[in-house]
Amino acid sequence: MGEDMADLVVWIRENAPGCSKTDPDAAADALMGTPYVHGRGYSRWDVLKAMMVAV
């Protein structure tokens with residue numbers, strides 16, 4: 001996992017704890033719309049992988 005992905009995992013842990021426990025697809029879509037994720041150019045797949053690690 002690259003440094004950027006590690007940053008994303010930390011951000012998810014701090015800002016969206018437990019997001020992958022309910023509806024991972026909906027959570028990933030919601031996170032994709034945040035300025036942090038969108039601004040850094042993460043893909044939806046990046047967000048899903050980071051959510052799995054953040055749990």
> Is there a side chain to side chain contact (heavy atoms under 4.5 Å, CB included) between Asp29 and Arg44 once you walk through the steps?
Replying inline: CA-CA 7 Å; Asp29 289 340; Arg44 189 171 188 278; 2.7 Å; yes
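Across Val47 and Ile12, no two heavy atoms sit closer than the pair O-CD1, 4.1 Å.
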Between side-chain atoms of residues 48-55 and protein atoms elsewhere (two or more places apart, or another chain), which donor-acceptor pairs fall under 3.5 Å?
none

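At least one side-chain heavy atom of Tyr42 sits under 4.5 Å from a side-chain heavy atom of Asp4.
For the pair Arg40 and Asp46, the salt-bridge criterion is not met [side-chain N within less than 4.0 Å of a carboxylate O].
If you chain together hydrophobic residues whose side chains sit under 4.5 Å apart, Val10 and Met32 never meet in one group.
From Asp7, atom CG reaches atom OH of Tyr36 across 4.5 Å, with rounding to the nearest 0.5 Å.
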